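Working notes, beginning with the structure itself.
The first residue in the sequence is number 1, and the count goes up from there. The structure displayed is predicted, hence computed values, not measured ones. Just so you know, these numbers use all the heavy atoms, side chains as well, and skip hydrogens, waters and symmetry mates.
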Amino acid sequence: MTSQFALRGFLWFAMLVAVAACSSMPPNPRDLLDEHTGATVTVVGAPITFALQPDGKSSDGFLTLVAIQKDDTGKYTELLLLYRWSVFFGSVSSSPQDSAGELRVEIDGHSIDLQPLQRLPAGLPSPKDLFVPDTTEAALRAYVTDLETMRLIAASHELTVRLPQESPSGPFVLWHDGRPALAQFVKQLTGP
């Protein structure tokens with residue numbers, strides 16, 4: 001009788017561990033088809049969101065990075081989409097000066113500077129599918145990158161971002177960590 005209770009207890013514990021393990025896994029990347037162009041866009045399962053450090057004074061206090069890969073009939077392009085947004089105030093400028101928009105990603109003491117595309121790529125999925133914040137309007141930019149840069153971001157220990165040509169240019173620090181989802185995104189796109 002005692003062994004039967006022990007077995008039930010063990011099975012119950014094993015089920016709890018399995019449920020906990022499944023719930024802590026990052027969401028899977030999604031493949032979205034643009035029915036008009038035939039392009040497929042693979043979107044990371046969760047974004048990485050940054051907040052302006054508390055000593056910064058700005059109504060534009062958040063940045064969200066979303067990794068995507070666009071497949072135009074075999075021509076692959078990896079992009080980071082950046083949304084600059086605020087919870088409390090109106091929209092941020094969505095038409096920055098031509099010289100603005102540089103994104104500096106600081107990874108474990110090293111910097112990677114990315115320049116924005118002049119226009120967003122055609123055929124992107126709906127804003128909801130791209131994690132556009134729904135609390136306010138967001139300024140949106142796109143940056144061409146590569147899977148190795150995405151892998152470095154996903155594997156980083158220390159990660160901050162800056163917009164050095166904009167005010168304030170202070171560091172944005174991790175607020176919601178989507179690096180596990182980014183690691184899964186890179187793993188799916190690079191294969192086993």
Side-chain angles (χ1 to χ4, degrees), residues 16-34 39-53 60-72 75-87 101 103-114 116-117 120-121 123-163 171-192:
L16 285 175
V17 168
V19 168
C22 289
S23 66
S24 64
M25 292 175 53
N28 289 327
R30 299 179 322 265
D31 291 324
L32 304 169
L33 176 66
D34 182 338
T40 301
V41 177
T42 304
V43 181
V44 70
I48 302 174
T49 303
F50 299 86
L52 189 61
Q53 278 195 323
D60 306 331
F62 299 93
L63 297 178
T64 298
L65 286 180
V66 176
I68 67 170
Q69 182 186 62
K70 190 170 181 197
D71 175 3
D72 283 318
K75 182 180 183 288
Y76 296 96
T77 306
E78 289 80 25
L79 298 159
L80 285 175
L81 303 179
L82 178 135
Y83 313 122
R84 186 172 183 175
W85 56 282
S86 170
V87 174
L103 172 64
R104 180 168 296 144
V105 183
E106 297 172 347
I107 304 168
D108 298 328
H110 302 285
S111 294
I112 298 172
D113 292 328
L114 300 172
L117 297 174
L120 294 177
L124 291 179
S126 72
K128 180 180 176 184
D129 291 326
L130 295 174
F131 302 104
V132 174
D134 59 1
T135 56
T136 184
E137 291 184 38
L140 173 61
R141 294 192 179 103
Y143 302 84
V144 174
T145 188
D146 55 34
L147 289 172
E148 179 59 19
T149 299
M150 291 181 184
R151 187 195 64 72
L152 289 171
I153 292 170
S156 66
H157 297 286
E158 294 180 28
L159 178 64
T160 58
V161 295
R162 294 178 187 265
L163 299 173
F172 287 79
V173 296
L174 274 175
W175 189 51
H176 286 150
D177 192 356
R179 289 179 292 182
L182 182 59
Q184 188 171 351
F185 174 83
V186 171
K187 182 178 178 182
Q188 177 177 314
L189 295 178
T190 56

Contacts of [X] that satisfy side-chain hydrogen bond (donor to acceptor under 3.5 Å, both in side chains) - sequence neighbours left out:
{"X": "Asp146", "answer": "Thr149"}
{"X": "Thr42", "answer": "Asp31"}
{"X": "Thr145", "answer": "none"}

For [X] and [Y], which heavy atoms make the closest approach, and how far apart are they?
{"X": "Gly101", "Y": "Pro116", "answer": "O-CD, 3.5 Å"}
{"X": "Gly45", "Y": "Pro27", "answer": "O-CG, 3.4 Å"}
{"X": "Gln69", "Y": "Phe185", "answer": "N-CZ, 3.8 Å"}
{"X": "Pro133", "Y": "Thr64", "answer": "CG-OG1, 4.3 Å"}
{"X": "Pro180", "Y": "Pro26", "answer": "O-CG, 3.6 Å"}
{"X": "Pro47", "Y": "Val66", "answer": "CB-CG2, 3.8 Å"}

Within this structure, what is the [atom1]-[atom2] distance for the pair [X] and [Y], rounded to the nearest 0.5 Å?
{"X": "Ile68", "Y": "Asp71", "atom1": "CD1", "atom2": "CG", "result": "12.0 Å"}
{"X": "Phe131", "Y": "Leu81", "atom1": "CZ", "atom2": "CG", "result": "11.0 Å"}
{"X": "Leu182", "Y": "Lys187", "atom1": "CG", "atom2": "NZ", "result": "13.5 Å"}
{"X": "Leu117", "Y": "Tyr143", "atom1": "CG", "atom2": "OH", "result": "9.0 Å"}
{"X": "Thr49", "Y": "Tyr83", "atom1": "OG1", "atom2": "OH", "result": "10.5 Å"}
{"X": "Leu63", "Y": "Ile48", "atom1": "CG", "atom2": "CD1", "result": "11.5 Å"}

Could you work out, with salt bridge (Lys or Arg N to Asp or Glu O under 4.0 Å) as the rule, every residue matching Asp72, not counting sequence neighbours?
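Asp72 satisfies salt bridge (Lys or Arg N to Asp or Glu O under 4.0 Å) with Lys70 only.
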For Arg104, which residues count as a salt bridge (Lys or Arg N to Asp or Glu O under 4.0 Å) partner, sequence neighbours excluded?
Glu102, Asp113
Where does the angle between the aromatic ring planes of Phe62 and Trp85 fall among parallel (under 30°), tilted (30 to 60°) and perpendicular (over 60°)?
parallel
If you define the side chain from C-beta out and look only at heavy atoms, does anything of [X] sit under 4.5 Å from [Y]?
{"X": "Leu65", "Y": "Phe50", "result": "yes"}
{"X": "Leu79", "Y": "Pro121", "result": "yes"}
{"X": "Leu130", "Y": "Leu140", "result": "no"}

Can you list the steps and then say if Leu103 with Arg141 is a side chain to side chain contact (heavy atoms under 4.5 Å, CB included)?
CA-CA 10 Å; Leu103 172 64; Arg141 294 192 179 103; over 6 Å; no
Intermediate values then yes/no, side chain to side chain contact (heavy atoms under 4.5 Å, CB included), Asp129 and Val41:
CA-CA 10 Å; Asp129 291 326; Val41 177; over 6 Å; no
Listing, residues 150-161 side-chain donor-acceptor contacts under 3.5 Å, not counting sequence neighbours, or none:
unit_1, atom_1, unit_2, atom_2, d
Arg151, NE, Glu148, OE1, 3.1
Arg151, NE, Glu148, OE2, 3.3
Arg151, NH2, Glu148, OE2, 2.5
Ser156, OG, Ile153, O, 2.8
Ser156, OG, Arg179, NH1, 3.1
Thr160, OG1, Glu106, OE1, 2.8

